[in-house]
Amino acid sequence: MPADDTFGRLDDDDYPAYTMGRAAEMLNTTQGFLRAIGEARLITPLRSAGGHRRYSRYQLRIAARARELVDRGTPIEAACRIVILEDQLEEAQRINAEYRRADERSGSPGSG
């Protein structure tokens, strides 16, 4: 990526901009919690050239939701599964909405 586009990546929700320490600080949690949700395969941080974990804003939102559930007493494995299912549901609803809009534009039978 050209040097002049460096700051543009910061607007990318998937750009791994945050170190583990910074991510834990932002979420008011521990690095151990981030490791645990990684082991539960909720999020998979990217690794820097030196092997350090790096998190994106999207991953931080997912981690924050899991933290919220754990803070309410949900076991971490269950919290991770809930967040995964919520994310899948949101994606399915987004796809359904796209299909409905396409169906309405095409004027196919059964729309409306």
Is there side-chain contact between [X] and [Y], with heavy atoms separated by less than 4.5 Å?
X	Y	value
L34	L27	yes
Y55	P45	yes
R105	R101	yes
R35	M20	yes
Y18	R57	yes
T19	R54	yes

Q) Does CD belonging to E90 count more than 12 external heavy atoms closer than 6.0 Å? A) no

Q.
Can you confirm whether N96 is buried at CG, in the sense that more than 12 heavy atoms of other residues, nucleotides or ligands lie under 6.0 Å from that atom?
A. yes

For [X] and [Y], which heavy atoms make the closest approach, and how far apart are they?
X	Y	answer
I84	R41	CD1-O, 4.2 Å
L60	A23	CD2-CB, 3.4 Å
S56	D13	CB-O, 3.1 Å
C80	A40	SG-CB, 3.7 Å

Q. Quick check: does any side chain N or O of T74 sit under 3.5 Å from a backbone N or O of A79, one acting as donor and the other as acceptor?
A. no

Q: Report the C-alpha separation of L85 and Q88 in whole Å, then their side-chain angles, then the decisive distance to 0.1 Å, and conclude whether the side chain to side chain contact (heavy atoms under 4.5 Å, CB included) test is met.
A: CA-CA 5 Å; L85 291 170; Q88 290 172 343; 3.5 Å; yes

Q: Run the salt-bridge test on D87 and R65 with the 4.0 Å N-O cut-off and return the result as yes or no.
A: no

Q: Would you mind checking if R100 and E104 are paired as a salt bridge, meaning a charged N to carboxylate O distance below 4.0 Å?
A: no

Q. Going through the checks in order, is the side chain to side chain contact (heavy atoms under 4.5 Å, CB included) test met by H52 and R47?
A. CA-CA 5 Å; H52 299 283; R47 297 284 182 149; over 6 Å; no

(Q) Under 6.0 Å from the ring centre and within 45 degrees of the ring axis: does the NZ or CZ of R67 meet both conditions for the six-membered ring of F33? (A) yes

Q. Are M26 and I43 linked, directly or through other ILVMFWY residues, by side chains that come within less than 4.5 angstrom of each other?
A. yes

